[in-house]
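For reference, the structure is listed below as structure tokens.
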Protein chains: 2
Amino acid sequence: MELLSVSLGVYYGDFTAAAARENLTASQGKTLTVLRRGPAAMRVLAETLSCDASNMTGIIDRLEKRGLVRREPSPGDRRVKNVVLTPEGEHAIDTIRANMHTTLAGLASLSEADQETLYALLERAFTEKAHVSGT
Amino acid sequence: MELLSVSLGVYYGDFTAAAARENLTASQGKTLTVLRRGPAAMRVLAETLSCDASNMTGIIDRLEKRGLVRREPSPGDRRVKNVVLTPEGEHAIDTIRANMHTTLAGLASLSEADQETLYALLERAFTEKAHVSGT
DNA sequence: TATTGTTATACTCTATAACTATA
DNA sequence: TATAGTTATAGAGTATAACAATA
């Protein structure tokens, strides 16, 4: 597990540095990563990022002030606000990903077959928890 | 790379939650993780954790106040302070690791051979950067 | 009554700059 | 002069509690 910790540290440090080059914090970068998949309500965003809903208000406030995201009213439920990535926001997160040189080089050092093996193992170990925990 | 982001997000969330159960922040937990390998000077600690030296002062202050670490003068250089894990500190980080249920269950869901493959690939991709970047 | 999002508050993390005590 | 660690400061992240609007 120590190796997992070190690998994570390298990846996370790479991500944080790439985000900093865009004048974004790691939390702001992670938020953009989630929104890259599509719009999400404040509450969903907070749950996905495992933080309190009150944090999201501040994080989205700062991203919105910079024009990277936009709050939109939800048609179905007037309490809900959907957060949408602007073109500038999409560009920012894409730039961050393209600048994760250490991670990209590390993955590129593996053969295509090894990359697929790594992804398959990560998927089984970390994204199929429903089958294991029953939740 | 999206899968890497998700997998590490699961791991990091698991670590953060386990640290919170010990009333520790993620940064404090990460510091204990590094110190688990052995004592380290403030500056080395800051470099390992990729943060400014001034941050370490505050983080170590709070850990020391709780009796989890201790500052010791360095015999060779009177400017240097070595940070040492106390028995309580060792117990705290060991407890955190033992409580990372999601990660432990995920790894346990892989066969021994698959676990070794995963570790080997992570090692090649993330901890052999010296061969790739030349630094 | 319950839920969504916000505000107020307090503490922690973070980098920058300026400082001290060593080297 | 340079380095190790600290202090001061300001902005950002974080959880808790209380709140308004809506369901």
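Throughout, a chain's letter reflects where its sequence line sits, starting with A, and its residues are numbered from 1.
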Exercise for review: Assess whether atom NE2 of A:H91 is packed by more than 12 heavy atoms of other residues, nucleotides or ligands within 6.0 Å.
Suggested key: no
Check your understanding: Starting at CD1 of B:I60 and ending at P of D:dT7, how long is that distance when rounded to a whole Å?
Key -> 14 Å
**Study point:** Nearest-Å distance for atom pair CG/P, residues A:L68 and D:dA12
**Key:** 13 Å
Review point. So, does the side chain of B:S54 form a donor-acceptor pair with the base of C:dT16 at under 3.5 Å?
Key: yes
Review point. Counting just side-chain N and O atoms, does A:R78 come under 4.0 Å of either OP1 or OP2 of D:dA20?
Key: no
Practice item. Provide, to the nearest angstrom, the distance between the CD atom belonging to B:E47 and the P atom belonging to D:dG5. Key: 10 Å
Check your understanding: Does the side chain of A:L45 come within less than 4.5 Å of A:L35's, by heavy atoms?
Key -> yes
Review point. For DNA chain C, which residues in residues 24-35 of chain B have a heavy atom at a distance below 4.0 Å?
Key: B:T25, B:S27, B:Q28
Exercise for review: Please state how far atom CE in A:M42 lies from atom P in C:dT6, giving the value in whole angstrom units.
Suggested key: 4 Å
Review point. Base, sugar-phosphate, or nothing for A:R43, non-hydrogen atoms under 4.0 angstrom?
Key: base
Study note, to complete from the structure: side chain to side chain donor-acceptor pair (under 3.5 Å) filter on A:E64, not counting sequence neighbours, yields A:R71
Check your understanding: What residue pairs, at least two apart or across chains, pass side chain to side chain donor-acceptor pair (under 3.5 Å) with a residue in residues 37-51 of chain B?
Key -> A:E2-B:R37
Review point. Hey, are the side chains of B:L118 and A:L3 touching, using non-hydrogen atoms and a 4.5 Å cut-off?
Key: no
Exercise for review: Could you tell me whether the side chain of B:R79 has a donor or acceptor atom within less than 3.5 Å of a complementary atom in the base of D:dT3?
Suggested key: yes
Check your understanding: Between atom CG in A:L49 and atom P in D:dG13, what is the gap in whole Å?
Key -> 11 Å
Check your understanding: D:dG13 phosphate, OP1 or OP2: any side-chain N/O from A:R62 under 4.0 angstrom?
Key -> yes
Exercise for review: Report the nucleotide, chosen from C:dG5, C:dA23, D:dG5, that has the shortest atom-to-atom distance to any side-chain atom of A:T57.
Suggested key: C:dG5
Study note, to complete from the structure: Heavy atoms of A:E22 and A:N99 approach each other most closely as OE2-ND2, 4.3 Å
Revision key, fill the gap. When rounded to whole Å, the OH to C1' distance for the pair B:Y12 and D:dT14 reads 12 Å
Revision key, fill the gap. In short, A:L8 meets B:Y11 closest at the heavy-atom pair CD2-CD2, 3.1 Å
Point to revise | Spacing of B:D52 atom CG relative to C:dA18 atom P, expressed in whole Å | key: 14 Å
Study note, to complete from the structure: Taking for A:N55 and for A:G76 the nucleotide of DNA chain D with the nearest heavy atom, the one nearer the 5' end belongs to A:N55
Revision key, fill the gap. note: B:I59, atom CD1; D:dT7, atom P; distance rounded to Å ~ 15 Å
